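Here's the structure we're looking at; comments come further down.
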Amino acid sequence: MARTKRHFTPRVSGSAPRATGRGGGRLFQEFLELFLLGGLVFAALAGLWLLWAITLRAKVELAVGAFLPQVGLGWVAPLLWFVAFLRALRRTPLQVLRRWNLWLGSLLLVVVLVGVLSFVTFEFLALKRLWILNVGGEAWGGAVAGASPGSAAIRLGGLAVAGAALLFPRRAWSVARTVWSWSAGGAGFVVARAPRWWRTALGKGAQLRGKGRPLSPGGEQPVAGAGPLEKLGKLGRLRKVKPPQALAVAAPEKVVVPLRPSGYQGLPPAYLLRRAAESPVSRDVLRAQADRIEAALAQYGIEVTVRDIRPGPTVTLYGLVPGWVRRAGQVKGRDPERRVTVDAILAREKDLAMALAAPSLRFEAPVPGESLVGVEVPNPAASLVALGSVMDSREFRQLRTTAALPIALGKGSGGDVVAADLAQMPHLLVAGATGSGKSVLIHGLVASLLMQFSPWDVRLLLVDPKRVELTHYKGIPHLVTPVVVEPDQAVKVLRGAVMEMTHRLRLLEEQGARNISAYNQKVTDPLERMPYLVVIVDEVADLMMAASNDIEHALCRLAQLGRATGIHLVVATQRPSVDVITGLIKANFPSRMSFALSSQIDSRTILDTPGAEKLMGRGDMLFLPQDLPKPRRVQGAFVSDEEIRSLVEFWRDHAGPLPPAIDLEPRGRDAELADDLAAGGQDELMEKATELAQRYTHVSTSLLQRRLRIGYPRAARLREEMEAAGVVALDGEVLHRDAGAAEEE
């Protein structure tokens, strides 16, 4: 069967490779040839000079004495550059025009080299005379460097910086932004430690410049639509732009800059998070993979054309255009009968995976917004996606201008930056097997919040039954309580979070506000403002085994009513079974995220669709926000332990005032019960529990929970009191049971 010409048009995205025209080995060979040619030219000129010196000695002495110190050897480097430029211009003129910055930058560095060589002189004895040679030449190098060493350092340094910036524009821009963040952080550090009268004078001057508009206690104006970093002036002015479709978030109605006290020091500097260099897949590899896809499907009579290629950090998305089903002997392009169906392409998944030597493939039919059948093929080597690079991207900076709680997630299968607004989710359910990257995602989420918000803006409630993941954040001022590691304590703090939510709802009702943003606009005292409260549970399966009823009730209550009060949940688990992620919990968590799982059943439990069992692991995930019909593939952002340690140390050492405490202690009836038990009193349900023990042969904590309709902590205390009173044994067997009592199951 004849094949049509394929149009290869890869889309340029975050990690897409650039067209280089020639390989690195070919370029090195050309430069080596140029330097050898220059060496031959230099040797020929040196030979002519020696011949001239031997034959005409007097004339040589005069010429050398007048010409050689002035010119020296500074003409060799510009000559070699000029020869290389002419040769490249003759062979590939378009490449020279496209890479004009490389040639101009290299020319500036050649000029810097001539200026540096002008300060190098050496003496040699020739023709029975002592000669002093200036390597760079007094005429060449003196014109570049100048007379004094100070002016030479300034000139040569400026030319070197300009040349390096032209040769490496992206790296230069990154270094410039890092230096700017350092300088801005240093300025904030000085202002925070300035005398009080100086800060007062600055505040008064700002009020005069603001034409009488009152400033907040922190010296900041509430600006609608400004993100948490832009209000500190670290990123300069940013235009209000609509978030791109790839972000998959909806802009909130209005974002108000939180008010901070005057002694607040500032946010962490950007250099605490590292930037990772990308390693894109070469264009030749992408072309070869596209040819294999077309050839493999053509063997089974399926005509497709690879029209779009989007390289990503872990997988590459190939966009397939279905061809035509043709009769035997029919020529392409003449009266096609019908198109190839999408199901026919999807049915060849295993055959295509074998032809590409890929461990697994994932089809996306169709690609959202386009008439393409997408197939995601794993890259030969995965590229690291750093959290600092994602937060430093243009897409994330645009999201910060509109989002209330922006978080960086990673990069998509096409190399585009993926970020989301936690306030719009409004709750997130995460699942993933051991080692799939679930804990790294939670660390990245916490780091995103710590990099952008102060304790006056966002508070954290961390629950870590595993005791090893979230305990690194002990001591930071954002924590409402110390990191919770005990199941009974987790039940207590979740109940306290429900009481805090109820208290906030009453405040919203009194102010006539429908959400936390509207409430913060109406209050004037910074101490009365509501900070966002993010509750993170690292392993909910352990809590469900200890107190399933209490945990499920608390999570569902917070998920149903917490959005308006600024309380948002992030719940993670390694075992997404139906007894851990119940139907009631799934119904209240509209946004889900799944890493690599062991079976298709687990994938359907968390995402309601298969696909998570085919993920590659190490941060490869499927993200399903509430506003997308199908999950999208994302390579999660990586944050190292050193970055977390630096971020935690920054907040532990901060010098700003602490926000008001959020009380999560039990109140009302629960508080009275706790006081009675602490004073040695007996629970009022002890009599009912004793009567219940007379009807069963064994009494467990879960039995007391079900029959008496109480929580796990109280049931456990009742069980301990019954053991102390001699009603039950340690194994739960009932002692002193009445002979006439009927056993009820």
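Worth saying up front: this structure is predicted, and the values here are computed from it rather than measured. When reading the values below, keep in mind they use all heavy atoms of this one structure, side chains included, and skip hydrogens, waters and symmetry mates. When a residue number appears, it is its place in the shown sequence, counting from 1.
Residue Arg604 comes nearest to Lys586 through the heavy atom pair O-NZ, 4.0 Å, listed as atom of the first residue, atom of the second, then distance. Across every non-hydrogen atom of Leu361 and Glu349, the tightest pair is O-OE2, 3.2 Å. For the residue pair Thr305 and Glu294, the shortest heavy atom distance occurs at CA-OE2, 3.5 Å. When all heavy atoms of Ala541 and Val580 are compared, the pair lying nearest together is CA-CG1, 3.9 Å. Heavy atoms only, all atoms of each residue included: Val418 and Val390 are closest at O-CG1, 4.5 Å. Of all heavy-atom pairs spanning Leu450 and Trp651, the tightest one is O-NE1, 3.1 Å.
Summarising the geometry, atom CE belonging to Met354 is positioned 10.5 Å from atom CZ belonging to Arg348; distances are rounded to the nearest 0.5 Å. Within the model, atoms NE2 of His568 and CD of Gln424 stand 8.5 Å from one another, a figure rounded to the nearest 0.5 Å. Taking CD1 of Ile302 as the reference point, atom CD of Gln299 lies at 11.0 Å (rounded to 0.5 Å). For the atom pair NE2 (His553) and CG (Leu494), the distance works out to 12.0 Å, reported to the nearest 0.5 Å. Taking CD1 of Ile581 as the reference point, atom CD1 of Ile606 lies at 4.0 Å (rounded to 0.5 Å). The distance from atom CG of Leu384 to atom CZ of Arg275, rounded to the nearest 0.5 Å, is 13.0 Å.
We find that Arg575 and Asp602 are not joined by a salt bridge, their nearest charged nitrogen and carboxylate oxygen being 4.0 Å or further apart. Contact check on Arg633 versus Glu376 returns a salt bridge, with a Lys/Arg side-chain nitrogen under 4.0 Å from an Asp/Glu carboxylate oxygen. A salt bridge does not link Asp620 with Arg618: every distance from a Lys NZ or Arg NE/NH1/NH2 to an Asp or Glu carboxylate oxygen is 4.0 Å or more.
Taking the side chain as every heavy atom from C-beta outward, Leu286 and Arg310 never approach each other to under 4.5 Å. Side chains of Val367 and Val373 form no contact here, defined as non-hydrogen atoms less than 4.5 Å apart. Using a 4.5 Å heavy-atom threshold, the side chains of Tyr300 and Ile345 count as separate. A heavy-atom distance below 4.5 Å is found between the side chains of Leu409 and Met621. The shortest side-chain heavy-atom distance between Val446 and Leu460 falls under the 4.5 Å cut-off. In this structure, the side chains of Leu352 and Val377 stay at 4.5 Å or more apart for every pair of heavy atoms. With contacts defined as side-chain heavy-atom distances shorter than 4.5 Å, the pair Val634/Lys411 does not qualify. Counting heavy atoms from C-beta on, the side chains of Ile536 and Leu445 come closer than 4.5 Å.
Pairs passing the ring pair (Phe, Tyr, Trp, His ring centres under 6.0 Å) check and including a residue from residues 599-620, sequence neighbours excluded, do not occur. Pairs of residues two or more places apart, or lying in two chains, that qualify as salt bridge (charged side-chain N to carboxylate O under 4.0 Å, His left out) and include a residue from residues 542-561 are Arg495-Asp550. Listed by first then second residue, pairs satisfying ring pair (Phe, Tyr, Trp, His ring centres under 6.0 Å) with a partner in residues 578-616 read His427-Phe589, not counting sequence neighbours.
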Side chain to side chain contact (heavy atoms under 4.5 Å, CB included) evaluation trace for Arg362 with Val315: CA-CA 10 Å; Arg362 179 177 175 269; Val315 298; over 6 Å; no
side-chain hydrogen bond (donor to acceptor under 3.5 Å, both in side chains) assessment of Thr573 paired with Glu539: CA-CA 5 Å; Thr573 181; Glu539 184 51 65; 3.1 Å; yes
Stepwise side chain to side chain contact (heavy atoms under 4.5 Å, CB included) check, Leu267 with Met451: CA-CA 6 Å; Leu267 295 174; Met451 286 292 295; over 6 Å; no
Stepwise side chain to side chain contact (heavy atoms under 4.5 Å, CB included) check, Leu387 with Phe638: CA-CA 6 Å; Leu387 180 64; Phe638 176 77; over 6 Å; no
Side chain to side chain contact (heavy atoms under 4.5 Å, CB included) between Val430 and Leu441, worked out: CA-CA 9 Å; Val430 184; Leu441 169 76; 4.0 Å; yes
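Glu643 places a side-chain N or O within 3.5 Å of a backbone atom of Ser640 that can act as its donor or acceptor partner. A donor-acceptor pair is defined here as one N or O able to donate and one able to accept, closer than 3.5 Å; no such pair exists between the side chain of Trp324 and the backbone of Glu303. Put simply, the side chain of Glu613 gets close to the backbone of Gly611: a donor and an acceptor are under 3.5 Å apart. A donor-acceptor pair is defined here as one N or O able to donate and one able to accept, closer than 3.5 Å; no such pair exists between the side chain of Arg307 and the backbone of Leu320. With hydrogens and angles disregarded, no donor-acceptor distance shorter than 3.5 Å links the side chain of Asn379 to the backbone of Ala381. Not one N or O on the side chain of Thr582 forms a donor-acceptor pair closer than 3.5 Å with the backbone of Asp579. Although no hydrogens or angles enter the test, the distance criterion places no donor-acceptor pair under 3.5 Å between the side chain of Thr565 and the main chain of Arg504. Distance alone, capped at 3.5 Å, is enough to place a donor-acceptor pair between the Asn588 side chain and the Leu584 backbone. Looking at Ser700, its side chain does come within 3.5 Å of a backbone N or O of Leu703 through a donor-acceptor pair. Side-chain atoms of Asp538 never come within 3.5 Å of backbone atoms of Lys466 as a donor-acceptor pair (strictly under, hydrogens ignored).
Heavy-atom neighbours of His472 NE2 from other residues, nucleotides or ligands within 6.0 Å: above the threshold of 12. In the displayed structure, Lys630 atom NZ is contacted under 6.0 Å by more than 12 heavy atoms of other residues, nucleotides or ligands. More than 12 heavy atoms of other residues, nucleotides or ligands sit less than 6.0 Å from atom CG of Leu505.
Taking the centre of each ring, Tyr473 and His443 come in below the 6.0 Å mark.
Phe623 does not carry Arg632 over the face of its six-membered ring by the limits of under 6.0 Å from the centre and within 45° of the normal.
One side chain, Ser454 or Asp457, offers a donor N or O that lies under 3.5 Å from an acceptor on the other.
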